[in-house]
Amino acid sequence: MSATTYILAGWLLDGSGGPIREKVLLKIVDGRFAAIEQYTPESVPAACAFTDLSNCTLLPPLVDSHVHLFMSGTIDHKTREWQLAAGYEELRPLIKQHLHYLFSHGVLAVRDGGDRGGFALCYRSERDMPAEMVLKVAGRAWHQKGRYGGLIGRHPAEGESLAAAYAKENDPIDQVKLVNSGLNSLEVFGRETPPQFSAREIAELVAAAQQRGKKVMVHANGREPVRLAVQGGCHSIEHGFFMGRENLQLLAEKGTFWVPTLFTMKAYAANVTFAKAGADRLVIEKNLNHQLEQLAIARELGVKVALGTDAGSLGVLHGESMVDEMKLYKKAGYSLAETVRCATSNGAELLGLEDFGRIAPGQTATFLVARCAPAQLPRKLSYLEAIYLNGKQSDRYRKNPVKHLPTDA
Ligand SMILES: [Zn+2]
């Protein structure tokens, strides 16, 4: 016999970016959404299981499209150095903890942007990897010898091409991570770094990755590094500070994703004394404002944006930073529904997850419950009321069981 339940949502953000719906009845059959319609008291058959969440907003589970699970986001230098030097056995409990933080904030799918030992990759096959979460990993990133990227990866051997180096790799990763620029300057506004690879080298890597069914994500800041990566056929630009309008146009035309990681810059500004020596708060704030302007242009041009936090970066905490990043999208002019779309269905598309990130008939009934009206989002995501997995409230999250209030509450 099939199990049917009904849930009344006060407000629904379905992940599509469309208008927020009010007083919606969700019919769940065998763990999937069977119907979603306007609520009337008559629409619930008598004797059917009914949960009243009329004072809550429902939304799909979140996707953080850019994290580094081996780093905690601490601002303490000694701890950061320890994390950057530690081995897998030492980092294992840390990775487990970070996944727990993410889950607690409703982030049920994450894409790890790489580490120097393939640590997130190792953790994915551990017995205590949470079964209710999706973890996509890049393993060890590729960078050019002598350039930025050693903290999260390795480089091709002397005289070896990027594609040839990749062809020798056997790590069971989900996507390939390439580093094609340096880091953003915290001392000089808008200082660009040269690309690490040519468009041809990137195109060869993309083709080799495609043969194995994998996408290529590229760390790139500045006009030239971004242009070469997009022309090389990469699937997403990570960070993309100072890429400029022409590149944003190119992203829109080619349907390439952008993961702007804005909060990293805000966190640098807030923790400037812990950042690099010589870092200037005013420069950092200008960097952030420029990125906000780029995001506004991306919205206008229809660039596919997936929300990623770069959690693990200085002052960027796993889970909590989703809220920080979403607030910045709103500051750039995105509506709440558009922001949620970037943090749910767009992320799911980038990660290649078909049955994830939307609340729609036919989809698995996995969703978040925030006890508030939409105006209190994204803040309330830090204090979720409940997480439902396959139509049932998660025990793992059950710190505040949902109270069954009268329908007219
Ligand atoms: Zn990163």
Side-chain angles (χ1 to χ4, degrees), residues 63-75 80 83-84 91 94-95 98-99 101-102 107 109-121 123 135-144 147-155 173-186 193 196-197 215-222 225-226 229 234-243 257-268 271 275-276 284 287-288 291 305-322 324-325 328 342-343 347 350-351:
V63 182
D64 190 338
S65 292
H66 192 131
V67 303
H68 297 277
L69 288 172
F70 80 116
M71 295 289 290
S72 69
T74 176
I75 54 172
R80 287 192 78 73
Q83 289 171 4
L84 285 166
L91 293 170
L94 203 64
I95 294 174
H98 295 159
L99 286 167
Y101 293 152
L102 285 155
V107 183
V110 290
R111 187 175 66 145
D112 188 279
D115 56 61
R116 65 176 203 295
F119 305 128
L121 173 66
Y123 192 82
L135 172 57
K136 298 282 186 183
V137 296
R140 294 170 294 160
W142 293 101
H143 70 100
Q144 192 69 268
R147 293 290 307 277
Y148 168 71
L151 299 178
I152 54 165
R154 51 12 214 301
H155 55 78
I173 56 165
D174 301 300
Q175 77 264 304
V176 181
K177 171 79 179 283
L178 181 71
V179 181
N180 198 39
S181 75
L183 290 171
N184 291 299
S185 174
L186 305 179
T193 55
Q196 297 197 15
F197 298 96
K215 293 177 178 175
V216 178
M217 61 190 288
V218 182
H219 162 117
N221 296 302
V226 170
C234 78
H235 298 87
S236 66
I237 292 293
E238 311 296 313
H239 321 300
F241 283 79
F242 305 110
M243 72 165 103
F257 274 93
W258 180 32
V259 184
T261 67
L262 297 117
F263 183 68
T264 53
M265 211 44 88
K266 191 163 176 180
Y268 277 130
N271 300 294
K276 241 177 105 199
I284 298 169
N287 288 349
L288 172 61
Q291 188 75 331
V305 175
L307 190 141
T309 60
D310 213 1
S313 175
L314 186 92
V316 185
L317 303 175
H318 291 277
E320 200 176 306
S321 57
M322 278 304 275
D324 298 319
E325 187 76 10
L328 291 170
C342 295
L350 177 59
L351 270 62

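Read the numbers this way: they start at 1 and go in the same order the structure lists the ligands and their atoms.
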Look at the side chain of Asp174 and the backbone N and O of Val137, then say whether any donor-acceptor pair between them is shorter than 3.5 Å.
-> yes

Would you confirm whether Asp64, through its side chain, and Thr309, through its main-chain N or O, come within 3.5 Å as a donor-acceptor pair?
-> yes

Metal-centred angle, NE2 of His66 through the Zn ion (ligand 1) to OD1 of Asp310, rounded to 10 degrees | 90°

Any idea which N/O/S atom from His68 gets closest to the Zn ion (ligand 1)?
-> NE2

Is there a donor-acceptor pair closer than 3.5 Å between any side-chain N or O of Lys177 and the backbone N or O of Gly113?
-> yes

Criterion ring-ring contact (aromatic ring centres under 6.0 Å, His included) on His219 and His143, from CA distance to verdict | CA-CA 10 Å; His219 162 117; His143 70 100; over 10 Å; no

Any N/O/S of His239 under 2.8 Å from the Zn ion (ligand 1)?
-> no

